[in-house]
Amino acid sequence: MTSIAKFTVIAASLLCATAAWSADFQVKRSIELPSTTPQVWHLIGDFCDIDDWHPKVSSCALKAIDGSLVRVLTTDTGDQMTQKRIAREEGLSYTYKIVSSSLPIEKFTATLSVQPGENLLIEWIANFSSDDPAMERVVVEDIEGGLSAIKGILASR
């Protein structure tokens, strides 16, 4: 086998192996609102109130598992997802991870936070891995849909 043929075989093998690896993604979205931290946190701060404001979540049930707060979400399509709260800063943020989901996503963690200022900043950051690059768009649409709903609810008050 010639050197060029050996190189081609090795390169093709590496390309195939690389294609099978998960990609890491970060989705970061935010909105600014002329609102107060307590007003916004009252809407979004309770871990299971997401079904009151997120358009894709039809119900939320809280459970305590091994001393941790877990929410089981049912989506508007009937799918279920279990998320565990892993950190909380009262009145400012909570961080959660996906425990189970039908989506082809791994190592998903996200933080929803509010940051006071002249205008209130609501920020939602998600980090995850997936073999399916389309999952980035799914997460973007989920976060943007949630932030848009928050903005609409607060604007109507």
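As a basis for the values below, the full set of heavy atoms in this structure was taken, side chains included, without hydrogen atoms, waters or symmetry mates.
Nearest heavy atoms, Pro34 versus Asn119: CA-OD1, 3.5 Å. Here the closest heavy-atom approach between residue Glu136 and residue Gln26 is recorded as OE2-O, 4.4 Å. Of all the heavy atoms in Ser156 and Ile153, the pair that sits closest is OG-O, 2.8 Å. Considering every non-hydrogen atom in both Ile105 and Phe128, the closest pair reads CG2-CB, 3.7 Å.
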**Asked** So Met135 and Leu103, side chain to side chain contact (heavy atoms under 4.5 Å, CB included) or not? Walk me through it.
**Response** CA-CA 8 Å; Met135 287 299 102; Leu103 296 174; 4.1 Å; yes
**Request:** Decide yes or no on side chain to side chain contact (heavy atoms under 4.5 Å, CB included) for Gln115 and Glu123, but give the supporting numbers first.
**Result:** CA-CA 8 Å; Gln115 299 170 20; Glu123 187 172 64; 3.3 Å; yes
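Sorted by first then second residue, the ring-ring contact (aromatic ring centres under 6.0 Å, His included) pairs that include residues 72-95, not counting sequence neighbours, are Phe47-Tyr94.
The number of heavy atoms from other shown groups lying within 6.0 Å of NZ (Lys56) is above 12. The number of heavy atoms from other shown groups lying within 6.0 Å of CD (Glu118) does not exceed 12.
A donor-acceptor pair under 3.5 Å is formed between the side chain of Asp46 and the backbone N or O of Cys48. Looking at His54, its side chain does come within 3.5 Å of a backbone N or O of Asp142 through a donor-acceptor pair. Although no hydrogens or angles enter the test, the distance criterion places a donor-acceptor pair under 3.5 Å between the side chain of Thr75 and the main chain of Asp79.
The closest side-chain donor-acceptor pair between Asp24 and Ser129 falls under 3.5 angstrom.
A distance of 9.0 Å separates CG of Leu147 from CG of Leu33, quoted to the nearest 0.5 Å. Atoms CH2 and OG, from Trp124 and Ser113 in turn, are 11.5 Å apart once rounded to the nearest 0.5 Å. In this structure, CG in Leu112 is found 9.0 Å from OG1 in Thr95, a value given to the nearest 0.5 Å.
With sequence neighbours excluded, the residues forming a salt bridge (Lys or Arg N to Asp or Glu O under 4.0 Å) with Arg29 are Glu144, listed by chain and number.
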